[in-house]
Every structure is written in structure tokens, then in C-alpha cells.
Amino acid sequence: MFSSFQSAQAALPLPAQRSGSSFRMALRLLPASQRAAMFDIYAFCRAVDDIADGDAPPPAKRAALARWRDGVDACYAGMPPPAMQDMAHHIAAFGLARADFHALIDGMLMDAQDSPLCAPAASTLDLYCERVASAVGRLSARVFGLPDPDGERLAHHLGRALQLTNILRDIDEDAAIGRGYLPRELLLQAGFDADAGAAAIAAHPALPAVCDGVTAQALDHYDAAQTVLGRNRGGASRAPRLMGATYRSLLARLERRGWHSPRAAVRLGTLERIGILLRHGIG
């Protein structure tokens with residue numbers, strides 16, 4: 001039932017790896033207990049994400065995600081399944097909220113419906129970001145030791161900023177499987193047929209106007225997150241500071257590349273990642 005979590009723990013295929021070595025390094029700079037908790041949280045994220053993105057039919061995906069929800073509940077009932085013994089320890093040690101694990105699973109369920117999520121209303125997109133990103137941010141803030149309410153504020157804004165950046169980065173990859181996360185309101189404003197399908201939206205010549213609108217939203221969230229981080233300068237802010245800087249640099253590269261098709265893949269170079277690490281991770 002939980003073999004995917006065990007595999008994720010063993011291989012550490014963390015979402016952080018998608019953002020380059022800087023964030024992995026930030027996690028490895030954490031004290032051992034925090035580092036172990038973050039690796040297990042992200043392994044959990046990867047396990048449920050792999051279900052949502054897998055090839056199983058949607059009913060099977062939903063059933064698998066329901067089993068993960070049961071596993072979370074078992075942790076809070078003091079009866080964790082064997083593969084989640086360590087997670088139960090982290091829950092107790094850092095006061096992790098059951099609602100945040102449930103929210104993440106609910107976000108994965110949005111990607112496990114019979115029809116792919118495409119051109120969602122802005123409110124639906126925000127709910128999706130809240131579930132798949134900001135909920136993880138709240139778990140992380142607890143582990144890092146960021147005090148509330150700043151921990152929750154940071155999770156709200158940085159989670160949305162990172163997820164919107166992911167959406168902009170992965171337009172073509174998502175379109176290939178019928179998904180499209182650009183908000184319906186911006187699409188309609190730019191003259192799209194929002195029901196044309198993800199591939200048609202990704203190929204539309206007016207796409208840059210929509211991407212510019214989403215970029216502006218992401219930058220507002222980055223700025224709000226930076227305000228919170230400015231009030232929290234200690235070690236508890238090191239990893240989120242590094243993650244924000246890495247993804248903001250990625251967004252800047254996407255902007256420089258442009259949004260017209262064909263779109264080349266964008267990654268941060270090694271020297272750029274090292275510079276971010278020196279400025280925000282070690283310093």
C-alpha cells in the first residue's frame with residue numbers, strides 16, 4: 001500500500017531536485033532532525049504526485065489517494081503503517097497539521113478527475129495552488145521553526161509564487177497530457193476559446209499576454225514572501241529564502257526566453273545556482 005513512499009524515501013526523488021542543486025543543498029545544511037523531516041515530507045509529496053501523474057485510470061488514482069489519506073489518519077491515531085513510522089515521529093516532533101496533509105491529497109485529487117484540469121477559473125487555480133503548494137509550505141514552515149503568523153503568511157505567498165512559476169515553466173509538458181493551468185479569466189480577456197483544449201491554448205499566438213499576467217501575479221507573491229522573510233533573518237528562513245531566490249531566477253529566465261512557441265526548456269546554470277546558494281543559503 002505504501003511501497004511508493006518507501007521508494008521515494010530511498011531514492012529521494014524530491015520535488016526540490018526539479019529546482020536544481022541549490023535547494024537540495026539548503027536541506028542538507030539543516031540540522032539532522034529537520035533534514036530528515038523535510039526529506040520525508042517531500043518523499044510523501046512525490047509519492048502522491050506520482051499517483052496523480054501516473055498512467056492508472058482516474059478511479060484507481062482516487063482509490064490510491066484515499067489509501068494515503070487513511071495512512072495519514074492512522075498516524076494521527078497513533079497507529080502509523082510501517083512505512084510511515086518516521087512521518088508519525090515528525091508529526092509529533094514538529095506539530096505538523098493533519099489538515100495540511102489532507103489538503104495536499106485534495107490537490108492531487110484535482111489532477112485525478114475523469115477530465116484533465118484545463119483553463120480553471122482563477123478561484124479554482126488559487127485553490128489548487130493552496131492545496132498542492134501552500135499546504136506543503138505550512139508543513140515546511142513548522143519544520144524550519146518559522147513562527148506563526150509569519151510561517152502561514154510565507155507558505156501562502158511563496159507556495160503560490162513557486163506553483164505559478166511551475167505552471168509557466170511546464171506549459172508544453174502539461175499540454176501534452178491535456179492539462180492547462182492558465183486561468184480562464186486571463187484566457188478570455190486575451191481572446192482565447194478557453195474550451196479549445198490545452199494543446200490549442202499552448203499554441204495560441206496570444207499566449208504571451210496570458211503568461212505576462214500570470215507572471216505579474218507570481219511576482220506579487222514573491223514580493224510578499226520577501227517581506228515576510230525580511231522579518232525572519234535567522235536559520236529558520238534559510239531554506240525558503242533559497243527556494244524563493246532559485247525559483248524567482250527561473251521565472252526571470254523564462255521571461256527573457258519569451259512565451260512564443262516553440263519554447264525551449266529553461267534551467268538555471270551551475271554558476272547561477274552557486275551564486276544563489278552563496279547569497280541566500282550559506283551567507
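From a predicted model like this one, the values you see are computed outputs, not experimental measurements.
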Value rounded to 0.5 Å, distance of [atom1] in [X] from [atom2] in [Y]:
| X | Y | atom1 | atom2 | value |
| --- | --- | --- | --- | --- |
| Met84 | Cys75 | CE | SG | 4.0 Å |
| Leu65 | Ile51 | CG | CD1 | 4.5 Å |
| Leu250 | Thr165 | CG | OG1 | 6.5 Å |
| Leu146 | Arg231 | CG | CZ | 11.0 Å |
| Leu251 | Leu164 | CG | CG | 9.0 Å |
| Ile105 | Arg67 | CD1 | CZ | 12.0 Å |

Discussion item. Does anything in residues 106-141 form a ring pair (Phe, Tyr, Trp, His ring centres under 6.0 Å)? List the pairs, not counting sequence neighbours.
Written reply: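 Non-adjacent pairs meeting ring pair (Phe, Tyr, Trp, His ring centres under 6.0 Å): Tyr128-Tyr181.
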Residue pairs passing the ring pair (Phe, Tyr, Trp, His ring centres under 6.0 Å) test with at least one member in residues 86-108, sequence neighbours excluded, are Phe44-Phe101
Spell out, as yes or no, whether a donor-acceptor pair under 3.5 Å connects the side chain of Gln163 to the backbone of Ala133. no
Side chains of [X] and [Y], heavy atoms from C-beta outward: is any pair under 4.5 Å?
| X | Y | answer |
| --- | --- | --- |
| Pro183 | Val214 | yes |
| Val136 | Tyr42 | yes |
| Met87 | Pro80 | no |
| Met38 | Phe144 | yes |
| Asp49 | Val132 | no |
| Ile167 | Leu125 | yes |

Applied to residues 131-140, the side chain to side chain donor-acceptor pair (under 3.5 Å) test, sequence neighbours excluded, yields Asp100-Arg138, Glu130-Arg138, Ser134-Arg160
When the side chains of residues 186-195 are checked against the rest of the protein, which donor-acceptor pairs come out under 3.5 Å, sequence neighbours left out?
from	atom 1	to	atom 2	distance (Å)
Asp193	OD1	Asp195	N	3.0
Asp195	OD1	Arg184	NH1	3.2
Asp195	OD1	Arg184	NH2	2.9

### Where at least one partner belongs to residues 206-225, residue pairs that pass salt bridge (Lys or Arg N to Asp or Glu O under 4.0 Å), sequence neighbours excluded
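Found Asp223-Arg248.
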Item checked: Pairs meeting criterion salt bridge (Lys or Arg N to Asp or Glu O under 4.0 Å) with involvement of residues 56-66, two or more places apart ->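 Passing the test, one end in residues 56-66: Arg62-Asp114.
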For [X] against [Y], the heavy-atom pair lying closest together:
| X | Y | result |
| --- | --- | --- |
| Arg233 | Leu229 | CD-O, 3.8 Å |
| Ala112 | Pro58 | O-CB, 3.4 Å |
| Ile201 | Cys118 | CD1-SG, 4.2 Å |
| Ile177 | Pro116 | O-CG, 4.1 Å |
| Gly244 | Leu158 | CA-CD1, 3.8 Å |
| Gly137 | Ala155 | C-CB, 3.4 Å |

Could Arg153 and Asp150 be called an ion pair, given the rule that one side-chain N must be under 4.0 Å from one carboxylate O?
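Salt bridge present between Arg153 and Asp150.
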In plain terms, say whether Arg179 and Asp170 are close enough for a salt bridge, that is, a side-chain N and a carboxylate O under 4.0 Å apart. no
Side chain to side chain contact (heavy atoms under 4.5 Å, CB included) between Leu30 and Val143: does it pass, once the steps are laid out? CA-CA 10 Å; Leu30 291 170; Val143 173; 5.6 Å; no
- Passes side chain to side chain contact (heavy atoms under 4.5 Å, CB included), Asp50 versus Arg46? Steps please. CA-CA 6 Å; Asp50 282 348; Arg46 183 58 184 265; 2.9 Å; yes
Worksheet item: Val48, Leu127: one ILVMFWY side-chain cluster at the under-4.5 Å cut-off?
Response: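 Different clusters.
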Would you say Trp68 ends up clustered with Met110 if hydrophobic residues are merged whenever their side chains have heavy atoms under 4.5 Å apart, either directly or through other cluster members?
yes
[X]: what forms a side chain to side chain contact (heavy atoms under 4.5 Å, CB included) with it, not counting sequence neighbours?
| X | value |
| --- | --- |
| Pro57 | Pro59, Ala60 |
| Arg257 | Leu254, Trp259, Arg263, Val266 |
| Ala199 | none |
| Pro147 | Asn232 |

### Task
Tell me, with the steps shown, if Cys129 and Leu162 meet side chain to side chain contact (heavy atoms under 4.5 Å, CB included).
CA-CA 9 Å; Cys129 292; Leu162 301 185; over 6 Å; no
Sorted by chain and residue number, the side chain to side chain donor-acceptor pair (under 3.5 Å) partners of His221 (sequence neighbours excluded) come out as His157
message: Checking Arg98 now: which residues fulfil side chain to side chain donor-acceptor pair (under 3.5 Å) with it, not counting sequence neighbours?
response: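 Expected list: Asp73.
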Practice prompt. Take Gln226 and Tyr222 through the side chain to side chain contact (heavy atoms under 4.5 Å, CB included) test and state the conclusion after the steps.
Written response: CA-CA 6 Å; Gln226 187 57 45; Tyr222 280 119; over 6 Å; no
